[in-house]
Amino acid sequence: MLPKVIGGYRVLETLGSGGVGTVYRALDGQTSEPVALKVLSGAPTRDSRAARRLLREFETLTDLSHPNVVKVYDTGMFQSSPYLVMELIEGLTLRDYLALKSEASRVSPVRAKASLERSEDESGEDGSEPSGVLKFDLSAFAEESPSEECGVMRSGSTEAPGRMSRAPVEPWLDSDSDDLDPLDFEPPEDRTRPHAPPETRESVLRLEELNRPERMGRLKDSLLQVCEALAYIHAHGLVHRDLKPSNIMVDEDRQVRLMDFGLAKFLADDAGMTLDGRMVGTLRYMAPEQILDEPLDGRTDLYSLGVVLYELLTGRPPFDAKSPVDLWHKVLETEPPPLLALNPRADPQLARVAHRLLRKEPDDRFQTAEEVYEALSE
Ligand SMILES: Nc1ncnc2c1ncn2[C@@H]1O[C@H](COP(=O)(O)OP(=O)(O)OP(=O)(O)O)[C@@H](O)[C@H]1O
């Protein structure tokens with residue numbers, strides 16, 4: 001049931017739920033400003049000491065301020081779970097923002113229509129116009145294109161490779177469309193012949209959509225802003241650890257916000273596991289060092305950025321797998337198919353950037369988000 005009030009915030013509706021909690025649209029009781037309020041759930045928050053520690057650490061996030069990083073205004077406890085009060089972003093995730101036209105009709109307009117309907121139908125309890133209701137104008141996102149979506153990957157019954165000692169593990173984010181579900185995994189097209197040139201009319205049209213200049217412009221512009229956000233959080237000693245298209249939002253003015261930064265770190269122990277032994281991060285975007293429980297730094301996020309870039313340029317992830325173990329082996333031991341073989345008309349410079357970001361050894365990647373920014377600008 002929807003809580004009516006959380007702290008000093010009046011809850012209006014549920015915006016969505018992810019692997020780490022539920023996000024509500026709410027109103028600040030003092031200012032009447034709309035906010036997004038995320039209540040954490042799961043094992044880390046069931047331990048009251050851990051929950052209080054989490055809360056103290058969240059408080060440090062309120063000091064951060066950057067145009068491309070979602071602003072955290074406040075923190076608190078609700079029914080023994082920590083919550084974060086954030087800037088409410090009226091927009092789309094990067095995945096939906098760059099959805100292919102064919103998929104845009106499946107994803108974005110439905111969500112946007114629901115939002116627009118809400119803005120017409122809802123009224124406050126006193127009959128007044130509700131505040132904080134989504135009113136974004138879809139025309140800002142009129143031209144669309146996507147990367148493919150896979151289901152969720154649950155890894156409970158698998159054995160991890162290499163130095164992963166605490167198998168079986170569960171991905172922390174177990175309901176995320178950015179990850180793979182071995183039980184519900186639709187092979188993307190060309191899976192059987194990943195290096196084959198496109199042959200069908202459908203795949204030719206798909207490539208045309210992927211390479212649409214307007215889409216490429218959006219992609220580049222968005223990723224430059226992501227680099228700025230990453231440079232900022234890395235300079236503040238944070239590693240995102242869960243960078244993926246659904247953690248990047250784009251508003252009506254095409255301003256990008258990096259979401260959920262730092263959450264993964266706060267929810268994990270030093271080896272990247274939650275208190276109940278689940279791995280923090282979304283499997284498809286995890287760097288080799290993350291899989292191997294090795295120390296992480298900003299270059300780990302740059303690897304994830306490489307996965308995002310590769311996906312957005314080709315419409316498929318760099319490593320296809322039917323199970324988490326299969327995926328981990330591929331990430332650790334194989335090279336991704338050459339991007340230009342999958343999309344021969346992709347920008348060669350962007351393809352080079354993606355491959356360099358996907359190098360196994362952090363030392364072989366770009367070393368900073370600033371370097372990536374420079375390379376994307378060339
Ligand atoms: N500050 C915000 N403003 C507007 N919408 C938000 C905000 N934060 C989250 N959302 C939306 O709420 C929904 C749930 O977000 P949440 O972060 O819990 O899950 P997720 O990012 O989809 O998955 P996960 O947390 O498992 O990675 C998403 O659809 C997201 O777009």
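When a ligand or atom number is given, it counts from 1 through the structure's own listing order.
- Every N/O-N/O distance between Thr93 and ligand 1 stays at or above 3.5 Å.
- Residue contacts with ligand 1 for Thr22 are absent, since no atom lies close enough (heavy atoms, distance under 4.0 Å).
- The distance criterion of under 3.5 Å between nitrogen or oxygen atoms is met by Lys38 with respect to ligand 1.
- Near Asn247, with a cut-off below 4.0 Å to any heavy atom, the atoms of ligand 1 are 21 (O), 27 (O).
- Tested against Glu289, the residues Lys360, Arg299, Arg365, Arg241 include a single salt bridge (charged side-chain N to carboxylate O under 4.0 Å, His left out) partner, Arg365.
- In terms of heavy-atom proximity, Ile89 sits nearest to Arg257 at CD1-CG, 3.5 Å.
- Below 4.0 Å from some heavy atom of Ile89 lie the following atoms of ligand 1, by number and element: 2 (C), 3 (N), 4 (C).
- Counting all heavy atoms, side chain and backbone alike, Asp301 lies closest to His234 at OD2-NE2, 2.8 Å.
- The closest side-chain donor-acceptor pair between Tyr73 and Asp28, if any, does not fall under 3.5 angstrom.
- Short contacts between ligand 1 and Ala36, defined as distances under 4.0 Å to a heavy atom of the residue, involve ligand atoms 1 (N), 2 (C), 3 (N).
- Remark: ligand 1 atoms within the under-4.0 Å shell around heavy atoms of Met259 are 1 (N), 2 (C), 7 (C), 8 (N).
- Without hydrogens or angle criteria, Asp347 side chain to Gln349 main chain gives a donor-acceptor distance under 3.5 Å.
- Applying the 4.0 Å criterion to heavy atoms of Gly21 picks out, from ligand 1, the atoms 18 (O).
- A salt bridge does not link Glu202 with Arg206: every distance from a Lys NZ or Arg NE/NH1/NH2 to an Asp or Glu carboxylate oxygen is 4.0 Å or more.
- Remark: distances from the non-hydrogen atoms of Lys244 to ligand 1 include one below 4.0 Å.
- Counting the atoms of ligand 1 from 1 in the order shown, those under 4.0 Å from a heavy atom of Leu88 are 3 (N), 4 (C).
- For the residue pair Lys71 and Ser65, the shortest heavy atom distance occurs at NZ-CB, 4.4 Å.
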